[in-house]
Trainee: 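Please see the structure below; I have some questions.
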Amino acid sequence: MKRLTLSLFICVCGIAMAFAASADYNVVPRPQTITLAKSGEYLLDGTKLVVYPAGNADMERNARFLVDYIKEMTQINVSSAVQNKKNVKGNISLSLNQKIANPEGYTITVDKKGVNIAGATAAAVFRGIQTLRKALPIVKGEPSVALPFVNISDAPRFAYRGMHLDCARHFFPLEVVKDYIDMIALHGMNKFHWHLTEDQGWRIEIKKWPKLTTVGAWRSGTVISRNTPIEDGIRHGGFYTQDECREIVKYAADRYITVIPEIDMPGHMLGALAAYPELGCTGGPYEVQRRWGVFADILCAGKEKTFQFVQDVLDEVISIFPSEYIHIGGDESPRSRWKECPLCQKRIQDEGIKAENGQSKEDRLQGYFTKRVEKYLASKGKKIIGWDELLGCDVDQSATIMSWTGAEPGAKGAKLGHDVIMTPNGVMYFDYYQTKQTWNEPLSIGGCSTVEDVYQFEPVAADLTPEQAQHILGVQANLWGEYIAYPSQIQYQVLPRMAALAEVQWMQPQDKNFDEFKARVTRLCDIYRLHHWAVAPHLWRNK
């Protein structure tokens, strides 16, 4: 009788293992190598532990994340524990491996000894954790999940892998920003470009210039549709306190994401000019804009008070954001006021600025402005990023260029010796429509960039030399907020295009396959739905 009972128990266990929900390692982005064993699987259940190196706070946090992700995906409760030699076998262990060359490179090994996620750094281990997270099935009520024996090795193609969010045109609460950072983490990205100042609102507390938020953070209404004659008359605004910004910095850092703040200058500054009209060429009056577009009034480059303002603002920004980069914008800065301003013309004369190489005196005055700001930031140990208009302003080679008006300026910048981040608007502006059939789409700024367009984008121009190609630091997509007023609209605009971007950022071009990606991103959508994120459906519709 005992033998029969034991036989039945073994049989039942064997059936349970055979039908256990199974992991699938074909995730987004797809790892460089996935080598499955001919047979064998690891059974993940509630008896397992997540083990991490003793005394390492980053790895302990990684372990807690993994525990949470496993529960989120499978409803299985596992525990974390400090690593020791007696407790590693049979569990999920996190470890550091200095032999892995890429600082974000990782390996995942699943065999009879257990599961090991190893990386060159704690950040690399976190990237591996994301891969395991996405490989798990979403199940409920299952006692275990099977992980087929496998060896995975992966590393990103680009060091800079970013997403941008404009919180200046429309203000979003802190929890929405955190949710966006969670999306970035899920997709293996490591940079969050946070656009904080605009003609339509100033969004960061600057204690030395308090009217930036008491006045500059609020507009009296918002234009309806695409700059129609109608406005809603509803006061809109808000700002992030410095403590809230620090909270976002920490939230991102815990996920190994760097927050790069953007304080746009000298243009897109009507939020500041409305608060402090003496910073403009005409003295105002100015107002926080209710409409979208490019406006003639920008910071006056002829006043020393302007540079004192900029330095004061940057001092407080630097105290909040540890990023090596500060984004200073530099785009869409009309110089018509500078041409008419006696102080700006005096600055041009005093500095000996002359029109050269197809650049006007006023163009090169912006170069003077930018160099002066860059020099100040360099004295604080910081580097600048600016939009590609800076290439037409006689800026120093040390300025990093964000190529937005197309891919060509990025290639030009790399040839001139600038570091470059590729974010061309034709493909990488996620505020564009995702389909040409727009009649049933939420209002957007225009244009069209499909998931496949994003996927097929190649950031490194074919005519760059290997040395020049090294200047292409990475790729980013931007979400501008003129027509993005709701959190669900943020999600709809970036998903699933963010998944396509992730494969551009991580994978070598010869390894990409759009048809295979389409199957993998379909599985990834299960996680999107788990988080109740809105997803654009066009990838799965018949053309």
Trainee: Can you check side-chain hydrogen bond (donor to acceptor under 3.5 Å, both in side chains) on His164 and Gln476, steps first, answer last?
Mentor: CA-CA 7 Å; His164 157 286; Gln476 174 178 293; 5.5 Å; no
Trainee: Would you say that Gln491 contacts Val535 through its side chain, given a criterion of any heavy-atom pair below 4.5 Å between the two side chains?
Mentor: no
Trainee: How far apart are the C-alpha atoms of Asp182 and Lys178, what are their side-chain angles, what is the distance that settles it, and do they pass the salt bridge (charged side-chain N to carboxylate O under 4.0 Å, His left out) test?
Mentor: CA-CA 6 Å; Asp182 286 336; Lys178 289 180 178 179; over 6 Å; no
Trainee: I want to check something: taking the side chain as every heavy atom from C-beta on, are Asp297 and Cys281 in contact at a cut-off of under 4.5 Å?
Mentor: no
Trainee: Measure the acute angle between the ring planes of His236 and His170, then classify it against the limits of 30° and 60° as parallel, tilted or perpendicular.
Mentor: perpendicular
Trainee: If we ignore hydrogens and angles and just use 3.5 Å, is the side chain of Thr241 paired with the main-chain N or O of Glu244 as donor and acceptor?
Mentor: yes
Trainee: Find the distance between CG (Leu365) and SG (Cys393) and round it off to the nearest 0.5 Å.
Mentor: 9.5 Å
Trainee: Is the number of heavy atoms from other residues, nucleotides or ligands within 6.0 Å of CD (Gln349) greater than 12?
Mentor: no
Trainee: Show your working on side-chain hydrogen bond (donor to acceptor under 3.5 Å, both in side chains) between His195 and Glu262 and close with a plain yes or no.
Mentor: CA-CA 5 Å; His195 188 75; Glu262 181 180 358; 2.7 Å; yes
Trainee: Under 3.5 Å, side chain of Asn190 to main-chain N/O of Arg161, donor-acceptor pair present?
Mentor: yes
Trainee: Can you tell if the side chain of Gln308 reaches within under 4.5 Å of the side chain of Lys303, non-hydrogen atoms only?
Mentor: no
Trainee: Less than 6.0 angstrom separating the ring centers of Trp194 and Tyr240, yes or no?
Mentor: yes
Trainee: So, do Asn62 and Tyr256 sit near enough that their side-chain heavy atoms are less than 4.5 Å apart?
Mentor: yes
Trainee: When you measure from the side chain of Gln468 to the backbone of Thr465, do you find a donor-acceptor pair of N or O atoms at a distance under 3.5 Å?
Mentor: yes
Trainee: Is any side-chain heavy atom of Val259 less than 4.5 Å from a side-chain heavy atom of Ser323?
Mentor: no
Trainee: Is the side chain of Ser403 donor-acceptor paired with the backbone N or O of Pro424 at a distance under 3.5 Å, no angle test?
Mentor: no
Trainee: Under a 3.5 Å cutoff, is there a donor and acceptor pairing between the side chains of Glu441 and His538?
Mentor: yes
Trainee: Using atom types as modelled and distance alone, determine if a side-chain donor or acceptor of Thr400 lies under 3.5 Å from a backbone N or O of Ile385.
Mentor: no
Trainee: For a quick check under 3.5 Å, do Glu503 and Tyr455 share a side-chain donor-acceptor pair by atom type?
Mentor: yes
Trainee: Could you walk me through whether Gln311 and Asp315 pass side-chain hydrogen bond (donor to acceptor under 3.5 Å, both in side chains), step by step?
Mentor: CA-CA 6 Å; Gln311 290 177 11; Asp315 283 345; over 6 Å; no
Trainee: I'd like to know whether Asp58 forms a side chain to side chain contact (heavy atoms under 4.5 Å, CB included) with Val125, so could you lay out the CA-CA distance, the side-chain angles of the two residues, the decisive distance to 0.1 Å, and finally the verdict.
Mentor: CA-CA 10 Å; Asp58 290 334; Val125 173; over 6 Å; no
Trainee: Can Trp404 and Asp331 be counted as having a side-chain donor-acceptor contact under 3.5 angstrom?
Mentor: no
Trainee: Taking the six-membered ring for Trp, are the ring centroids of Phe239 and Trp202 within less than 6.0 Å of each other?
Mentor: no
Trainee: Does Arg364 reach the main-chain N or O of Lys354 with its side chain, forming a donor-acceptor pair under 3.5 Å?
Mentor: yes
Trainee: Do other residues, nucleotides or ligands put more than 12 heavy atoms under 6.0 Å from Lys375 NZ?
Mentor: no
Trainee: Could you walk me through whether Leu473 and Val420 pass the side chain to side chain contact (heavy atoms under 4.5 Å, CB included) check?
Mentor: CA-CA 6 Å; Leu473 302 183; Val420 173; over 6 Å; no
Trainee: Under the salt bridge (Lys or Arg N to Asp or Glu O under 4.0 Å) rule, what pairs show up with a residue in residues 466-488, not counting sequence neighbours?
Mentor: Arg169-Glu482
Trainee: Let's go through Arg372 and Tyr368 carefully: what are the C-alpha distance in whole Å and the side-chain angles of both, what is the deciding distance for side-chain hydrogen bond (donor to acceptor under 3.5 Å, both in side chains) to 0.1 Å, and is it a yes or a no?
Mentor: CA-CA 6 Å; Arg372 188 163 168 178; Tyr368 164 84; 2.8 Å; yes
Trainee: Would you say Tyr325 and Ile421 make side-chain contact, with heavy atoms under 4.5 Å?
Mentor: no
Trainee: Please list, chain by chain and in numerical order, all residues satisfying side chain to side chain contact (heavy atoms under 4.5 Å, CB included) with Glu362, sequence neighbours excluded.
Mentor: Arg335, Trp338, Lys339, Gln345, Ile348, Ser360
Trainee: Which pairs with one or both residues in residues 412-423 pass salt bridge (Lys or Arg N to Asp or Glu O under 4.0 Å), sequence neighbours excluded?
Mentor: Lys415-Asp463
Trainee: How far apart are the C-alpha atoms of Thr121 and Ile100, what are their side-chain angles, what is the distance that settles it, and do they pass the side chain to side chain contact (heavy atoms under 4.5 Å, CB included) test?
Mentor: CA-CA 9 Å; Thr121 62; Ile100 299 175; over 6 Å; no
Trainee: Is the distance between the ring centroids of Phe172 and Tyr180 under 6.0 Å?
Mentor: no
Trainee: Taking Lys371's backbone N and O only, do any of them form a donor-acceptor pair with Glu374's side chain (distance below 3.5 Å, no angle check)?
Mentor: no
Trainee: Would Arg255 and Tyr251 count as a cation-pi pair here, with the cationic atom under 6.0 angstrom from the ring centre and within 45° of the axis?
Mentor: yes
Trainee: For Ile353, does its backbone N or O pair with a side-chain atom of Glu351 as donor and acceptor, under 3.5 Å?
Mentor: no
Trainee: Verify, without hydrogens or angle tests, whether Arg337 (side chain) and Ile298 (backbone) share a donor-acceptor contact under 3.5 angstrom.
Mentor: no
Trainee: Does the ring center of Trp387 lie less than 6.0 Å from the ring center of His193?
Mentor: yes
Trainee: So, for Tyr486 and Tyr492, is the gap between ring centers shorter than 6.0 Å?
Mentor: no
Trainee: Assess whether side chain to side chain contact (heavy atoms under 4.5 Å, CB included) is satisfied between Glu287 and Leu270, documenting all intermediate values.
Mentor: CA-CA 7 Å; Glu287 65 173 347; Leu270 279 170; over 6 Å; no
Trainee: List the steps, then state whether salt bridge (charged side-chain N to carboxylate O under 4.0 Å, His left out) holds for Lys305 with Glu278.
Mentor: CA-CA 9 Å; Lys305 185 170 184 178; Glu278 66 271 23; 3.0 Å; yes
Trainee: Between Lys512 and Phe517, is NZ or CZ placed under 6.0 angstrom from the six-membered ring centre and within 45° of the ring axis?
Mentor: no
Trainee: Counting the benzene-type ring for Trp, do His418 and His471 have ring centres under 6.0 Å apart?
Mentor: no
Trainee: Answer yes or no: is there a donor N or O on one side and an acceptor on the other, between the side chain of Arg219 and the main chain of Gln200, under 3.5 Å?
Mentor: yes
Trainee: Using a distance-only test with no angle check, is there a side-chain donor-acceptor pair under 3.5 angstrom linking Thr423 and Asn478?
Mentor: yes
Trainee: Do Glu198 and Trp292 have side-chain atoms, one donor and one acceptor, less than 3.5 Å apart?
Mentor: no
Trainee: Is it true that Arg497 and Tyr432 share a donor-acceptor pair across their side chains at a distance under 3.5 Å?
Mentor: no
